[in-house]
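Take a look at the structure below.
Throughout, protein chains are lettered first and strands after them, A, B, ... in sequence-line order, and every chain is numbered starting at 1.
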Amino acid sequence: MRGLLALAWLAFAGMTVLPAAAQQQRPESCAACHLETGDERLANPVKQFGEDIHSAKGFGCVACHGGDGREAGMEAMDPAKGYIGKPERQQVVQVCGRCHSDARFMKQYNPALRVDQVTEYATSVHGRRLREFGDPKVATCVNCHPAHSIKPPSDPRSSVHPLKVAETCGRCHGDPKYMEVYKIPTDQLAKYRQSVHWRLMSVKGDLSAPTCNDCHGNHGAAPPGISWVGNVCGQCHTVQAEFFGKSPHAKVFAQMGVPGCATCHSNHDIQEATDAMLVLADQAVCAGCHAAADKGGKAAADMRALIDSLGGEYDKARAILLQAERAGMEVSQAQFDLNAAKDALVKARAAIHAFRVEAVKKEGEPGLEISAKAYARGVRALDELQFRRKGLAVSLVIILAVIAGIVVKIRQLDRRS
Amino acid sequence: MAGSAKPHGRLWTWLDERVGLAELEKVVKKKEVPVHRHTVWYYLGGMTLFLFMVQVATGILLLFYYRPSAEEAYESVQFLMAEVEFGWLIRSIHSWAANLMIFTLFIHLFSVLLLKAYRRPREVTWLSGIGLMGLAMGFGFTGYLLPWNELAYFATKVGTEITGVVPVIGPFLGRLLRGGDEVTGATLTRFYGIHVAVLPALTTLLLGLHLFLVQKHGMSVPPGAERAGGGRRTMPFFPNFLLRDLVGWLSALAMLAALAAYFPTELGQKADPFASAPVGIKPEWYFMFMFKTLKYLPSYILGIEGEIVGVVGFGVGGLFLLLIPFLDRRTARGEPSPLFTWIGIAIILYMVALTYLGYTEVATQ
């Protein structure tokens with residue numbers, strides 16, 4: 001994701017034919033004429049360009065459009081002086097690539113930026129269709145990075161800011177009319193906005209949550225192949241991907257021609273995984289292929305029982321420690337230790353992707369042991385609380401008895417005197 | 001001496017010959033306590049002394065487990081409370097007894113103030129008492145930080161910042177207390193040293209002087225009671241008064257046990273110097289009236305920073321309190337002195353009102 005975002009502003013940062021010359025040509029006459037014409041079509045690019053990252057870095061119009069900005073009239077737009085006007089769709093990638101594919105040049109502005117956007121683009125569905133069919137509808141640089149108002153991806157106003165990427169892709173991919181000729185679904189954006197990934201990003205503000213380009217690539221955008229969906233998801237969900245890679249399902253799914261992760265979790269509208277998925281009831285994911293009596297069905301039931309047991313024991317231990325804490329007992333060490341049981345629960349849930357009961361057992365059993373110990377410490381703390389209260393009652397009785405004895409003695413002394 | 005020691009047995013005789021027990025017995029038996037309608041206030045001093053002894057005993061026990069460093073202090077207290085048999089009880093009693101001790105100390109001080117017990121020849125007793133109050137508050141301030149938890153850390157930060165406001169010597173004093181520019185592990189070690197060595201040593205000296213003077217001059221009969229002809233009736237200190245004292249001490253012990261069992265002192269979160277300060281940090285209750293006063297003061301008073309005016313004001317107030325025996329000339333002459341009675345009442349009302357506001361007003365950042 002970050003790679004794409006970082007590249008985004010670079011995609012058009014190369015609006016120069018000869019960068020050194022471009023900087024020498026300032027001030028340019030282009031803006032003056034374009035603003036004076038009164039034609040908004042001509043004036044808008046100039047107005048927008050003021051906030052463009054390239055403008056901020058010192059580039060002008062001729063960097064992309066060519067010509068000679070020092071000339072005051074139409075001579076500035078002399079093709080003999082390299083003027084190309086508005087680049088044709090097929091030209092756009094080359095224009096941008098002049099700078100953005102030049103590592104030596106780009107280092108002057110941002111040494112950390114990649115310079116393979118054009119190469120990547122050539123491998124994308126967009127790039128291939130443009131190259132092979134001259135498809136006028138596919139995206140080029142300017143469709144995602146609007147010319148004249150390109151902003152760095154870290155800028156929330158940027159079209160490639162993490163929160164805007166889905167909307168940017170969805171402008172084409174969510175438009176049924178525009179996408180009609182390609183005969184591919186157009187509900188990705190709507191589905192994505194129902195997903196846990198979008199909720200993480202938009203509600204919890206976690207900008208590292210995945211959006212379109214994290215699974216499809218950015219400049220090399222393409223749908224993940226069935227056999228490598230797992231690799232895509234595995235970029236973040238590494239543990240689950242590793243378990244799945246070694247599981248019996250990996251081979252079977254490949255034979256069936258169905259994707260690894262997406263078969264159970266779907267793709268664009270991925271929901272938060274819950275233990276309820278691991279059952280054989282109607283609508284549950286396992287029930288799609290397994291019956292209760294078969295080997296897989298039994299394994300699912302056993303894994304679920306293990307997870308439920310660990311979850312239950314963890315909750316029980318947590319509740320009793322909380323009760324003890326609220327009663328004023330010092331149980332913070334036990335509460336800290338119990339975190340390991342929570343970790344075990346997370347690991348056991350990940351181990352479900354191995355689809356073997358032993359794998360879940362291996363991760364979950366230490367958690368059961370830790371939960372049992374924490375629960376015992378909670379019980380001990382509550383027993384201790386009772387002991388304290390009883391001890392207090394006994395102490396008070398003794399103290400009050402001594403006080404009463406002293407009071408009697410004082411009265412005797414007072415009577416004598 | 002041997003003749004008077006005979007009825008007590010051989011051990012008594014043995015000790016008497018070596019340390020002079022009979023003389024001590026004579027002194028104790030000779031000591032009388034005046035009886036009048038204000039006699040009840042005499043018990044507060046003894047009660048404070050008893051609570052101080054509880055502090056010493058529990059403090060020594062805490063020393064066996066406490067480790068005074070930023071890395072280990074919190075964990076050592078946590079271990080003490082969770083794993084050590086009766087560790088929770090010792091810490092809770094130490095904490096509650098500290099609060100009760102300061103409470104009884106305040107009542108003792110104000111009863112002495114309102115009953116004019118500071119008058120000649122007890123001026124030095126008063127001075128040593130005020131000194132002991134300062135030391136007790138020092139114990140509270142330094143002890144509060146020792147568990148190295150979040151609240152203590154930030155309260156100490158605020159407290160030492162206020163010290164830094166004192167004109168001229170403030171910044172030096174602040175650095176001296178903190179052991180640097182910030183509250184760090186160095187502050188903790190320093191506070192620990194002050195809490196377990198410096199203050200106990202000073203307290204031993206001053207308390208010794210205070211008790212000696214109380215013994216030397218006996219209990220003061222309030223001027224009002226003297227004028228009304230009261231205070232001629234007496235009771236023997238031993239055993240009559242001491243047994244009554246014992247009833248108060250045992251009641252305090254019962255109260256401590258109940259508080260420790262039902263409201264054990266919490267430990268909270270470990271101090272994190274990089275975390276932001278929690279909302280509504282409050283000092284210990286006995287500093288609250290000063291803390292609240294500083295909060296209420298405007299930023300500038302007559303072109304001087306409000307905080308400086310406040311801190312200097314409290315300094316002057318403390319000095320006034322200390323010098324009361326020398327300022328109250330009417331009492332010294334044996335005449336009624338309503339002005340100083342009202343000053344005493346005004347101080348009490350001010351402290352109670354500001355403390356109440358400190359605990360009831362909505363916390364702000």
Side-chain angles (χ1 to χ4, degrees), chain A residues 317-318 320-341 370 373-417, chain B residues 32-33 35 39 43 50 65 74-93 95-96 147 149-150 233-270:
Chain A
R318 191 168 167 270
I320 198 167
L321 288 175
L322 208 61
Q323 189 188 345
E325 187 192 23
R326 283 181 185 151
M329 303 301 290
E330 172 52 45
V331 286
S332 55
Q333 188 59 46
Q335 283 172 319
F336 178 78
D337 293 344
L338 186 62
N339 288 338
I370 293 162
K373 273 186 189 163
Y375 182 77
R377 286 170 83 174
V379 171
R380 213 168 70 207
L382 290 182
D383 287 347
E384 167 84 14
L385 183 70
Q386 289 309 314
F387 170 75
R388 287 181 191 184
R389 291 186 175 164
K390 280 177 194 157
L392 166 73
V394 172
S395 312
L396 287 183
V397 168
I398 294 169
I399 292 171
L400 288 175
V402 174
I403 289 175
I406 295 171
V407 170
V408 170
K409 178 74 182 167
I410 289 169
R411 285 193 176 164
Q412 279 177 359
L413 287 169
D414 286 350
R415 270 200 297 273
R416 260 186 243 159
S417 60
Chain B
E32 295 281 324
V33 177
V35 178
T39 299
Y43 297 106
F50 167 72
Y65 288 94
Y74 180 87
E75 285 74 10
S76 66
V77 178
Q78 194 177 44
F79 177 77
L80 175 92
M81 291 197 68
E83 307 294 336
V84 178
E85 287 287 332
F86 295 106
W88 63 274
L89 184 66
I90 300 300
R91 178 168 179 250
S92 290
I93 286 184
S95 168
W96 277 114
N149 58 26
E150 197 183 35
R233 248 183 71 215
T234 58
M235 73 166 114
F237 174 78
F238 185 85
N240 301 46
F241 186 81
L242 195 63
L243 283 176
R244 284 173 167 82
D245 244 352
L246 202 57
V247 170
W249 297 1
L250 287 171
S251 305
L253 193 64
M255 193 189 286
L256 278 177
L259 287 169
Y262 279 95
F263 306 101
T265 309
E266 286 180 7
L267 183 56
Q269 297 292 315
K270 186 176 178 175

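Nearest heavy-atom pair, P264(B) versus G328(A), reported as atom, atom and distance to 0.1 Å: CG-O, 3.2 Å.
Taking CG of L413(A) as the reference point, atom CE of M235(B) lies at 10.5 Å (rounded to 0.5 Å). The CG atom of L392(A) lies 11.5 Å from the CG atom of L256(B); values are rounded to the nearest 0.5 Å. Taken to the nearest 0.5 Å, the CE atom of M81(B) stands 14.0 Å off from the CD atom of Q333(A).
Both the backbone and the side chain of S251(B) come within contact range of chain A, judged by heavy atoms closer than 4.5 Å. Within the 4.5 angstrom heavy-atom criterion, no atom of F263(B) approaches chain A. Neither the backbone nor the side chain of E75(B) comes within contact range of chain A; no heavy atom of the residue lies under 4.5 Å from a heavy atom of that chain. Interface residue Q78(B): backbone and side-chain heavy atoms are both found under 4.5 Å from chain A. When heavy atoms are compared at a cutoff of 4.5 Å, F79(B) does not approach chain A at all.
A 6.0 Å sphere centred on CD of E83(B) holds more than 12 heavy atoms belonging to other residues, nucleotides or ligands. The local environment of CZ in R244(B) is crowded, with over 12 non-hydrogen atoms from other residues, nucleotides or ligands closer than 6.0 Å. Under a cut-off of 6.0 angstrom, the local environment of NZ in K270(B) is crowded, with over 12 non-hydrogen atoms contributed by other residues, nucleotides or ligands. Atom CD of E85(B) sits in a sparse spot, with 12 or fewer heavy atoms from other residues, nucleotides or ligands closer than 6.0 Å.
Within the 4.5 Å cutoff, no side-chain heavy atoms of Y262(B) are placed close to those of R388(A).
Between V402(A) and the options L250(B), L253(B), L246(B), a side chain to side chain contact (heavy atoms under 4.5 Å, CB included) holds for only L250(B).
Here S332(A) is the residue among S395(A), A393(A), S332(A), A327(A) with the most heavy-atom pairs under 4.5 Å with chain B. Of the residues considered (V407(A), L400(A), I399(A), L385(A)), I399(A) shows the highest number of contacts with chain B, using heavy-atom pairs under 4.5 Å.
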